[in-house]
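Note sheet for the following structure.
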Amino acid sequence: MPSFDTVLEADLVEVKNAVDQVAREVGTRFDFKGTSAAIELKDKDITLFGDADFQLTQVEDVLRNKLAKRGVDVRFLDMGKVEKIGGDKVKQVVKVRNGISTEDGKKIQQAIKGSKLKVQGAIQGDAVRVTGAKRDDLQAAMALIREEMKDLPLSFNNFRD
C-alpha cells in the first residue's frame with residue numbers, strides 16, 4: 001500500500017554553519033565592537049547574547065539572513081523570551097524545531113479525515129504516516145497538508161509505492 005511520512009526536520013548541519021557565520025560576523029562588525037553580542041549553538045538551542053534588546057534584534061536579523069542564504073526555512077526557529085542576565089546584559093534562547101508535536105499531528109490527522117480523501121493518517125512518534133490506495137490520493141493529501149499547516153515547514157519523505 002502506498003504511503004509517505006510527513007516530517008518536520010531542519011538541516012542541522014546548515015544551521016550550525018549559519019550560526020558559525022553569524023558568530024564570525026558579530027566578531028568583525030563595527031557596531032558590535034566592545035559589546036557582549038554573541039551567539040552559540042548547543043544541541044538544538046541557539047542562544048543570542050547582547051547588551052540590550054536592540055542588539056539581540058540585530059543578531060537575530062543576521063541569523064535569519066544567514067539561515068535564508070543557506071536554504072533553511074526560518075519557520076524552524078521558535079523564539080524564546082528575552083531574559084536579563086547579570087547587570088544590563090540580556091539573552092534569548094531560540095529553539096530549532098525538530099519533529100511534529102502531538103497537537104500538530106492531531107491537526108494533520110483531522111484535516112486528512114475531514115477532506116473525504118481515501119487516505120489514513122497515523123501519528124508515529126514525531127512524524128505522521130499517510131497511507132492510501134492510490135498515488136494520486138497521496139499527492140492530493142500532500143497538497144492538503146501544505147495548505148492546512150502553513151505555519152510549519154513540513155517535508156515529505158519515505159514515499160513508498
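Listed by chain and number, the residues in a ring pair (Phe, Tyr, Trp, His ring centres under 6.0 Å) with Phe49 amount to none (sequence neighbours excluded). Not a single side-chain hydrogen bond (donor to acceptor under 3.5 Å, both in side chains) links Gln21 to another residue, sequence neighbours left out. Legend: residues meeting side-chain hydrogen bond (donor to acceptor under 3.5 Å, both in side chains) with Lys81, ordered by chain and number and at least two apart, are absent. Lys150 pairs by the salt bridge (Lys or Arg N to Asp or Glu O under 4.0 Å) definition with Glu147, not counting sequence neighbours. In this structure Glu148 satisfies the salt bridge (Lys or Arg N to Asp or Glu O under 4.0 Å) test with no other residue, sequence neighbours excluded. Scored by the salt bridge (Lys or Arg N to Asp or Glu O under 4.0 Å) test, Lys89 finds Asp51 as partners (sequence neighbours excluded). Taking Asp11 as the reference, Val13, Glu14 meet the side-chain contact (heavy atoms from CB on, under 4.5 Å) condition, with sequence neighbours excluded. Not counting sequence neighbours, the partners of Arg129 by the side-chain hydrogen bond (donor to acceptor under 3.5 Å, both in side chains) test are Asp5. Lys16 pairs by the side-chain hydrogen bond (donor to acceptor under 3.5 Å, both in side chains) definition with Asp20, not counting sequence neighbours. Residues that satisfy the side-chain contact (heavy atoms from CB on, under 4.5 Å) test with Gln139, not counting sequence neighbours, are Arg135, Asp136. Among residues two or more places apart in sequence or in another chain, the salt bridge (Lys or Arg N to Asp or Glu O under 4.0 Å) test is passed with Asp61 by none.
Closest of all the heavy-atom pairs between Arg97 and Asp151 is NH1-O, 3.9 Å. The two atoms that bring Ala37 and Val59 nearest to each other are CB-CG2, 4.3 Å, heavy atoms only. Of all non-hydrogen atoms in Asp73 and Pro153, the two that sit nearest each other are OD2-CB, 3.4 Å. Residues Leu56 and Lys91 come closest through the heavy atom pair CD1-C, 4.1 Å. For Gly105 against Val128, the heavy-atom pair with the smallest separation is CA-CG2, 4.0 Å.
In this structure a side-chain-to-backbone donor-acceptor pair under 3.5 Å is missing from Gln92 to Val82. Side-chain atoms of Gln109 come within 3.5 Å of backbone atoms of Gly121 as a donor-acceptor pair (strictly under, hydrogens ignored).
The distance from the CD1 atom of Ile100 to the NZ atom of Lys106 is 14.0 Å, given to the nearest 0.5 Å. In this structure, CG in Asp137 is found 12.0 Å from CE in Met142, a value given to the nearest 0.5 Å. Separation of atoms CD (Glu25) and NZ (Lys66) is listed at 4.5 Å; rounding is to 0.5 Å. Separating the CG atom in Leu117 from the CG atom in Leu138 is a distance of 9.5 Å, to the nearest 0.5 Å. Here the CG-CD1 distance, from Leu154 to Ile145, works out to 7.5 Å after rounding to the nearest 0.5 Å. Expressed to the nearest 0.5 Å, how far CD1 of Ile108 lies from CD1 of Ile123 amounts to 8.0 Å.
Under a hydrophobic-cluster definition in which Ile, Leu, Val, Met, Phe, Trp and Tyr are linked whenever side-chain heavy atoms come within less than 4.5 Å, directly or via other members, Phe159 and Val130 are assigned to the same cluster. Val93 and Ile39 are assigned to two separate hydrophobic clusters, defined by single-linkage of ILVMFWY side chains at heavy-atom distances under 4.5 Å. Cluster membership for Val7 and Phe76, using ILVMFWY side-chain heavy atoms within less than 4.5 angstrom, is not shared. One hydrophobic cluster, built from ILVMFWY side chains closer than 4.5 Å, holds both Leu12 and Val22.
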What verdict does the side-chain contact (heavy atoms from CB on, under 4.5 Å) test give for Arg70 and Asn17, after you've listed the backbone C-alpha separation in whole Å, the side-chain angles of each residue and the deciding distance to 0.1 Å? CA-CA 8 Å; Arg70 300 196 73 71; Asn17 289 339; 3.2 Å; yes
Please report the C-alpha distance between Leu8 and Asp126 in whole Å, then the side-chain angles of each, then the deciding distance to 0.1 Å, and finally whether the side-chain contact (heavy atoms from CB on, under 4.5 Å) criterion is met. CA-CA 8 Å; Leu8 182 71; Asp126 57 358; over 6 Å; no
side-chain contact (heavy atoms from CB on, under 4.5 Å) between Lys107 and Met149: does it pass, once the steps are laid out? CA-CA 8 Å; Lys107 285 180 190 173; Met149 306 301 285; 4.2 Å; yes
Begin from the C-alpha positions of Asp31 and Gln58 and carry the test side-chain contact (heavy atoms from CB on, under 4.5 Å) through to its verdict. CA-CA 10 Å; Asp31 54 341; Gln58 286 184 317; 3.7 Å; yes
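Defined by atom type and a distance below 3.5 Å, a donor-acceptor pair is present between the side-chain atoms of Thr35 and Gln55.
For the pair Val15/Leu67, a side-chain contact is recorded, criterion being any heavy-atom separation below 4.5 Å from C-beta on.
Applying the salt bridge (Lys or Arg N to Asp or Glu O under 4.0 Å) test to every pair with at least one member in residues 38-50, sequence neighbours left out, gives these pairs: Glu40-Lys42, Asp45-Lys95.
Ring geometry for Phe4 versus Phe156: interplanar angle over 60°, hence perpendicular rather than tilted (30 to 60°).
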